[in-house]
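Below, chains carry the letters A, B, ... as their sequence lines are ordered, and counting in each starts from 1. Note that the structure is a prediction, hence the values are computed from the model and not measured.
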Amino acid sequence: MPDERPAPLLDVTGLTKRFGGVVALDGVDLAVRPGEVHALVGENGAGKSTLIKCLSGVHQPDGGRIVWAGASRRIAGPREAEALGISFIHQELNVVPTFTAAEMLTLGRRYPKRFGLVDRGAMLRRARAVAADLAPDLPLTTPTFALTAGQRQMVEILRAISVEARLIVMDEPTASLSRGEAERLHRTVRQLSAQGTAVVYVSHRLDEVFALCRQVTVLRNGKSVASAPLSSMDRVTLVRHMSGDVAEGEGGIGRDRPSAAEPVLAVKDLPFGRARAPLSLTIAPGEIVGLYGLVGAGRSRLLRTIWGAEPAADGTAIRFQGRPLGRGVATRVRAGIAYVPEDRRTQGLVLRHSVLANATLPHLRRFRAMAALPVPARRRMTDFLQSLGQALNLRFAGPDAAVATLSGGNQQKVLVGRWMAGQIPLMLLDEPTRGVDVGAKRQLHDALRTQAGRGTGILMVSSDLEEVLGIADRVLVMAEGRLVGTFDPATSGAGAILDAAFAGQGAEAAA
Amino acid sequence: MKILNRYGTLLALVAIILGFVAAAPDSFAQINNLVNITQQMSLLAIVAIGATLVMVLGQFDLSVSAVVSWAGIATVTLLQAGVDPALALPLVIASCLLVGIVSGSLVAAFRVPSFIATLAVGTMLGGVTFWVSDGATLFGGLPEAFRNLGRGETLGLPTLTWWMIAVAALVWLVLDRIEFGRRLYAIGGNREAAMLAGVPVRRDMIGAFALCAAFAGIAGILLAARLGSAHPTGGGSYLLQAYAAVFLGMTAFRDGDANVPGTLVGTAIIAVVANGLTILGVPAYLQDVLTGAIIIAAVLVRQTAGRRAA
Amino acid sequence: MTSVRLASVAVVAIVTASTAHAQDVAVLTPYLSSVTTNEMVDVFSTAAEERGWSTNVVDTRGDFGQLANRIEDVVNARVDAIVLASVDPGQIQDQIDLAAAAGIPVVAIDGAVAPGVTVNVTSDNNELGASLSRFLFEAMGGEGNVVKFYHSAHPGVRQRELALDAALADYPGINVLADHYVNVPGPIDDARIAMETILQRHGDTIDAVWAAWDEPAIGALLAIETMLPGSDILIGGIDGNPQAVEVINNCSHMIVSVRQDFESMSKVAADALATVFSGNEPEAQELYAPSVLVTRDSLGADCG
């Protein structure tokens, strides 16, 4: 079929990028034409962010080509991208809180000068000219910390267009916006498109994608699996492209399904999320519950709240073995509950300390030489570490090696294993296998299944749908701080779960 | 190279000592003088070891010298008023603990940067000290039993040296062998991770600040006992020297973390340099310049050695 | 390590340069930054230099713990003498004893007599008080009413007060009309307020103000300048502090301050030490340096 559309402004073909042994991009194609609003969608970890960072020059691709305006380019860094006419609006807003909008619009560019000094008057006039079209009422002389999220977003957008960008990449631009602000942004995008500026629009909100975009490219596991006009695609097809052909559930396989005994954890009507909507869930002994959702759905926060690291809006709403848990992390530790945080480097480990110190930190009391004295016995600690080595196939140079020298998988095993010094009635795991190689992932899964077999209830946050379907007895889907669905992996497919996550995401924007 | 890497700062101390031995064999190198150095470094060591507890957390206590001054003035005031030392000294130490608890609470519970919190607390305490003492040096009328805490010899070593050994052993045990110490290192290494692992972060931080102030208080009491007098700014010079010692010590043994043996080595470097240069008759201000240079040299030696070994 | 070696080489060089002299004298003070102490140490060092001694000045910046350490160091280094400037030896008695035990003479300048102190050179407070009284009474023509500002709690200042009493006995025409015990800190303002009250009551029957040191004298001056600027009340103080010198030079009511002569104090100390080095005892354990009168004439002020 002959293509009568104009030649692509940006034409990416076969782009690959590896981080160590992990393949982040595995042959991505993306063609964006002038004036086109092009949606870029995919699950968490599908490669969207890596692709964007290759375009902005933050990462250098290992293979493939980036053709810009007809010429093959190597983009060395963000400044070069900007010089080419590609602007970026990042997910996390990059504004200096004490700077005004006018200052932000000039930052990093040539300041207007007068007698060798910065000419603030000219700076303001220039900013006013840029803002005139899109945001005539944006306060230009207020420090950005005093602006609303939407206004800050607008500052970023103005920054992006003020350099006469020919392509603007927007990464989840509406994630932190109110509904009215989002609509305003949509108008802006349409206006830019009408002026001939191309937009790559990354979003989890499918209704937004359908309303705004003309073309879509779907990423899955680092590959571009579909690229088509949105007019030719419906929601179900789009979700199927994103989720791929994941085998239907096999969660309970190889294990007795948990009995319907008294739940080990029961959350009842806990006011949660921005809307303070009541949230309820239960975990039975021996049950593995997967908690799936998109980034920003509130899953990590829920786990931290159950763990006592964040204050619960209602202290009695969280019950462990029938009793309210009270406040603070220490009560959970004493109850024998385990928790593995989302980011092992910043929240889990003390990186420059030894494997031994990290593995024994939560339950130092259990290694006392004498029960009455708070003196941990090194012998008992090394014995424990050795037992972990066997149980989890944990590999390390020696007890005193810095934990930072371990591989990601072994670090994660330390974080999971350090709770195994006694009975564990409940485990709260936040992305326990993120950034872990396949072998370690399998070993961790085996350890979790064994643990569940001993009666441990497990609540596991994961953004890896395959993992969730593979290990969980039950899958809860969270979106916008609410639980929006419960699925049985044995009977539900990936598509249904993903669809629930995306549908829930739009729920608030529509509400 | 590996030895130089691991014990570089200790080797620097040995080199400095050997340098002075060569330069002044018949005065510096006398056993008498070397024993005397341990007495001279003892009070600084006690303050610095207290500061080590807080540095383990990655925090600063800038109030230590104010606490030293306060403890001296408070002790002498109470003793001159005829209060029994057995009551006066615990009272003074309790007041210092309280100061530490205030600083620690500001830092741990209210998240005030420790630099600011302890600077403010130290300033306030300095004001109270001046108020109590009327700005004057207090001396005379101290019981012999009290004076003997800070002078003379016990079992062949200066009494003050024994105090230093006792405090060093105690804090080394606390930091290296007790659960509390291991938790402090965890908090200093990654506060968020420690909190999520169930470490009672606030309580432990307040405890560390309280102990730091208590040791500064003990140093202040011993200083008053040694001199038989107390001056409202008597602890003034301890702040910078104590932190110089702790920083030197951080490069000595446990990579990047403050630790007691390291702090002792750091204190010894400072004390040996001051003693040696005075004995050699080096002019006062050149001494400061050389002391600073030697500290930099000791750290540089350690770091270049480390890089070569790596 | 190289730099450490370099430093010790430099140190050795300095030492070998200085050991050529016959006698090593360590001068220690916690107050080198104070103007008077600094002057004292300077004059002493020069006097020592002239005699061929080598001096090593140690300043511990107000830190008595350090001062104790450094005295121990110089005792260990077996210096030939220790000079303490502006220190009451009572604050470091143990270290003085140590020096005495090692047979090292200790000379105090503006300090105090204490066991182990060979000689203390200071101003005679009695003499300061007597000089002030005599000058002031002569200026009054031998008769009239005086207001007295004093502070008996300080032993030195008390001496000056006793000298005033002695002088009053010699001048029967002089009468103390009023007195005031000056509160410290804040002596200037305290004296000003007191003087205002006294002026209210006695007006210009007052002929002169006798102040035990300069600060209350300045306070009295402020009061007079506000309330009775035209009067011819005379004011005298002690210490010769810079503010007092300035108001004397400006032809104000204040006409005299008796200055302790730190320069001659240091010279007397050097003489005494020379006596000790020659194997003799100094004439007394406490030696006094003469005082100096600071007046309009001595300052060369032209007051018509």
Is [X] in contact with chain C via its backbone, its side chain, both, or neither, using a 4.5 Å heavy-atom distance?
| X | value |
| --- | --- |
| B:A274 | both |
| B:R151 | side chain |
| B:L43 | neither |
| B:Q30 | side chain |

* **Expected output: side-chain B:R226 to main-chain C:D94 donor-acceptor under 3.5 Å** =>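 Judged by distance alone, no pair lies under 3.5 Å.
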* Asked: Would you say B:Q40's side chain and C:N69's backbone share a donor-acceptor pair under 3.5 angstrom?
  ->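 Yes, the answer is positive, given that a donor and an acceptor are paired below the 3.5 Å cut-off.
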* **CG on B:L277 to CZ on C:R70, rounded to 0.5 Å** =>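 If we round to the nearest 0.5 Å, C:R70:CZ and B:L277:CG are 9.0 Å apart.
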* Gap separating the OG atom of B:S237 from the CG atom of C:D63, nearest 0.5 angstrom -> 3.5 Å
* **C:Q243, CD: over 12 other non-hydrogen atoms inside 6.0 angstrom** =>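 No, not enclosed.
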* Can a donor-acceptor pair be found between the side chains of C:E72 and B:N33 at a distance below 3.5 Å? ->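 There is no such pair (donor and acceptor under 3.5 Å, judged by atom type) between the side chains of C:E72 and B:N33.
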* **Region of C:L32 that comes under 4.5 Å of a non-hydrogen atom in chain B** =>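 Looking at C:L32, just its side chain touches chain B.
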* Structure fact -> Cut-off 4.5 Å, heavy atoms of chain B, and the answer for C:N56 is side chain
* Indicate the atoms forming the closest heavy-atom contact of B:L227 with C:A68, along with that distance. => CD2-CB, 3.6 Å
* Where B:S27 and C:A77 come nearest, the two heavy atoms and their spacing -> CB-CA, 3.9 Å
* Structure fact -> Only residue of B:I37, B:N36, B:L280 satisfying side chain to side chain contact (heavy atoms under 4.5 Å, CB included) with C:D73 is B:N36
* **B:Q241 and C:Q66, any side-chain heavy atoms less than 4.5 Å apart** => yes
* Non-hydrogen side-chain atoms of B:I279 and C:V74 separated by less than 4.5 Å -> no
